[in-house]
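Start at 1 with the first residue, then count along the sequence.
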Amino acid sequence: MFISDSLYVLNGRDGNREWTSWLGDYPVEGQSAKLADIDPTSPGMELIVPLYYGDGRLRVFSADGRMLWEELVGEKILSVAVGDVDFDMCSDLMISTYSAYTK
């Protein structure tokens, strides 16, 4: 687990900052960001960032730092995996969550 309120992307050649994104009003808890090509229409790879604001959110950023989309999951995200589950040549996201609800 990590606690962070910002995401930084540094240039691998010289260490200069490429871009940064602020993730929330207060430190957020979540899993490490994932890197995968989940949008074949966008150049480069996307960053998948699971967050926990008490309601679980997933944010996806483009290679140039634009937030492409955000999904409210509604439960604490424990992990995110990336793979082509349905063999349609497009990566899918598998999200495991923790629900405090009891039955």
Side-chain angles (χ1 to χ4, degrees):
M1 297 287 239
F2 71 89
I3 302 289
S4 176
D5 64 358
S6 298
L7 176 66
Y8 292 86
V9 175
L10 306 178
N11 183 301
R13 287 186 215 138
D14 57 19
N16 288 327
R17 187 181 302 176
E18 293 286 327
W19 56 268
T20 199
S21 178
W22 186 59
L23 298 174
D25 291 332
Y26 53 89
V28 295
E29 178 184 5
Q31 301 296 313
S32 297
K34 310 290 183 198
L35 185 64
D37 187 9
I38 63 170
D39 182 357
T41 65
S42 177
M45 299 180 88
E46 288 73 44
L47 282 91
I48 302 130
V49 183
L51 303 170
Y52 178 62
Y53 288 96
D55 54 10
R57 294 174 190 266
L58 193 69
R59 288 190 184 160
V60 175
F61 294 89
S62 67
D64 63 5
R66 291 175 293 117
M67 188 170 72
L68 298 176
W69 52 269
E70 177 180 65
E71 177 69 25
L72 174 62
V73 177
E75 298 173 350
K76 184 175 182 178
I77 297 173
L78 299 176
S79 66
V80 176
V82 181
D84 186 4
V85 175
D86 52 9
F87 301 110
D88 65 353
M89 305 300 289
C90 183
S91 292
D92 304 297
L93 302 176
M94 290 71 62
I95 303 166
S96 68
T97 64
Y98 170 76
S99 175
Y101 300 112
T102 57
K103 296 184 183 206

Shortest non-hydrogen separation from [X] to [Y] and the atoms involved:
X     : Y     : answer
Phe61 : Ser21 : CE2-OG, 3.2 Å
Pro50 : Val80 : CG-CG2, 3.8 Å
Leu7  : Val49 : CD2-CG2, 3.9 Å
Leu58 : Ile77 : N-CD1, 4.3 Å
Ser6  : Trp22 : OG-CD1, 3.8 Å
Leu35 : Met45 : CD1-CB, 3.8 Å

Exercise for the section: Assess whether side-chain contact (heavy atoms from CB on, under 4.5 Å) is satisfied between Glu46 and Asp37, documenting all intermediate values. Expected result: CA-CA 6 Å; Glu46 288 73 44; Asp37 187 9; 3.5 Å; yes
For [X], enumerate each residue passing the side-chain contact (heavy atoms from CB on, under 4.5 Å) test, keeping only those at least two apart in sequence or located in another chain.
X     : answer
Ser96 : Leu78, Ser79
Met89 : none
Val82 : Ala36, Ile38, Ile48, Ser91, Leu93
Asn11 : Arg13, Asp14, Glu18

Practice task
Please tell me if the side chains of Val9 and Thr20 come closer than 4.5 Å, counting only heavy atoms from C-beta onward.
Solution key: no
Problem - Straight-line distance of Arg59 CZ to Met67 CE, nearest 0.5 Å - result: 5.0 Å
Practice task
Measure the OG-CG distance between Ser62 and Leu47 for me, rounded to the nearest 0.5 Å.
Solution key: 9.0 Å
Problem - Residues clustering with Tyr8 (ILVMFWY side chains joined when closer than 4.5 Å, directly or via others) - result: none
Completion exercise
Contacts of Asp64 meeting salt bridge (Lys or Arg N to Asp or Glu O under 4.0 Å) (sequence neighbours excluded), chain-then-number -> Arg66
